[in-house]
Amino acid sequence: MKYIKQGGIILGVSFVGEILHFLIPLPIPAGIYGIILMFLCLQTRLIPLAEVETTADFLVEMMPIMFVPAAVGVMEALGLLGSLWLAYLLVTVVSTLLVMLCSGWVTQGLIRLTRKRKEGKKDD
Amino acid sequence: MTEFLESSVFFGVVLTLAGYGVGALLKKKLRLAIFNPILIGALLCIGVLLLTGVDYETYRSGAQYISYLLTPATVCLAIPLYRQLNLLKRYPLAILLGITAGVLTSLSTILALSALMGLDHASYVTLLPKSITTAIGIGVSEELGGYVSLTAVVIIITGVLGNILAGGVCKLFRITEPVARGVAIGTASHAIGTSKAMEMGQVEGAMSGLSIVVSGLLTVVGASVFAQFL
């Protein structure tokens, strides 16, 4: 019964996300509305954490498997790239690496700065 | 045989689970990032499809029962984020600026590299949303006049790449703060990267999940501006 209730809540939030996607003319998918909605519901205790936790953790753990069919599709679609494949691959690899580095470093630098400031305040 | 497999209700799902299972086992035994369960799983599925003569469309109609869970699973990324709320409250600016820096890096490196390699406008806007979650990326590409099916391809490649590289990049370039790791992985490689961040830890996973949402929304706006430049 527990899983039915938890699954029901999660699918319900997904469904409301789908409705929002249908109503709002923006390229934002149901899942993104769903995360925001779920977060707000948890925050306001409309949905208590314990009411979704077990099933949510299971679904998140299963997530990588859900990408396998799409990855199979990619290999099927590689032919579509034709002679452009090298250019596309190069852009993809280089920019992905740089994004990871840049966002990681900026976040890390600012976190350390915040921490130093807080420690500085304590010393005063 | 082929006929039976094509009509089977369970073949697609079982093949996907088995492929991923073998990939996960290899990963555990060999401990090399390149033995990524998603990558190995997909390669094994393709091998089996080629051997049995089942075509991709048939496989996909069976495997859709797995893909069906993707939206509910995405919704559930709110749970780790909610658990790490205190971190979000402690470093809101660092997290927000880190994601923004990543989105700008993504758009500007794609602009620079596309110009450098002489790609036309359609190819350029096809690549622009490559670091965000598939469903948003496809919408952006379509709106800007890109090749939608190719956008889906580069988004998945970006995700798998991020999933494979995340551990090594964080180690090599000394990104050691769990919050920063999560932001880096989620901003660069959306939900597929996030599944790796979840393995690294609760904080990494939570921040990566948050980055999917924020970078996705920022890219919707940013890509429409950057689309004018080439």
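The sequence lines fix the lettering, A, B, ..., with proteins before strands; numbering per chain opens at 1.
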With a 4.5 angstrom heavy-atom cut-off, could you sort out which part of [X] is near chain A: side chain, backbone, both or neither?
X	value
Thr187(B)	both
Ile175(B)	both
Tyr82(B)	both
Ser106(B)	both
Leu104(B)	neither
Thr126(B)	side chain
Thr133(B)	side chain

- Flag side-chain contact, heavy atom, 4.5 Å: Cys76(B) against Ile10(A): yes

- Message: I want to check something: taking the side chain as every heavy atom from C-beta on, are Val68(A) and Cys45(B) in contact at a cut-off of under 4.5 Å?
- Response: yes

- Message: Run Phe67(A) and Ser67(B) through side chain to side chain contact (heavy atoms under 4.5 Å, CB included) and show every step you take.
- Response: CA-CA 7 Å; Phe67(A) 294 114; Ser67(B) 315; over 6 Å; no

- Message: Test side chain to side chain contact (heavy atoms under 4.5 Å, CB included) on Ile79(B) and Val52(A); report intermediate values, then the result.
- Response: CA-CA 8 Å; Ile79(B) 279 83; Val52(A) 284; 4.1 Å; yes

Residue [X] versus chain B: region with a heavy atom under 4.5 Å:
X	value
Leu26(A)	neither
Leu37(A)	neither
Ile36(A)	side chain

- Query: Going through the distances and angles, do Thr107(A) and Tyr91(B) end up as a side chain to side chain donor-acceptor pair (under 3.5 Å)?
  - Reply: CA-CA 9 Å; Thr107(A) 312; Tyr91(B) 306 116; over 6 Å; no

- Item | Contacts of type side chain to side chain donor-acceptor pair (under 3.5 Å), residue Thr16(B), not counting sequence neighbours | Tyr59(B)

- Query: Roughly how far apart are Leu113(B) CG and Ser95(A) OG, rounded to 0.5 Å?
  - Reply: 7.0 Å

- Query: Above 12 or not: heavy atoms from other molecules or residues under 6.0 Å from OH of Tyr56(B)?
  - Reply: yes

- Should the heavy atoms of other residues, nucleotides or ligands under 6.0 Å from CD of Gln43(A) be counted, would the total exceed 12? yes

- N/O donor-acceptor pair under 3.5 Å between Gln108(A) side chain and Arg174(B) backbone: yes

- Task: Could you pull out the closest heavy-atom pair between Val99(A) and Gly102(B), with the gap in Å?
- Result: CG1-O, 3.6 Å

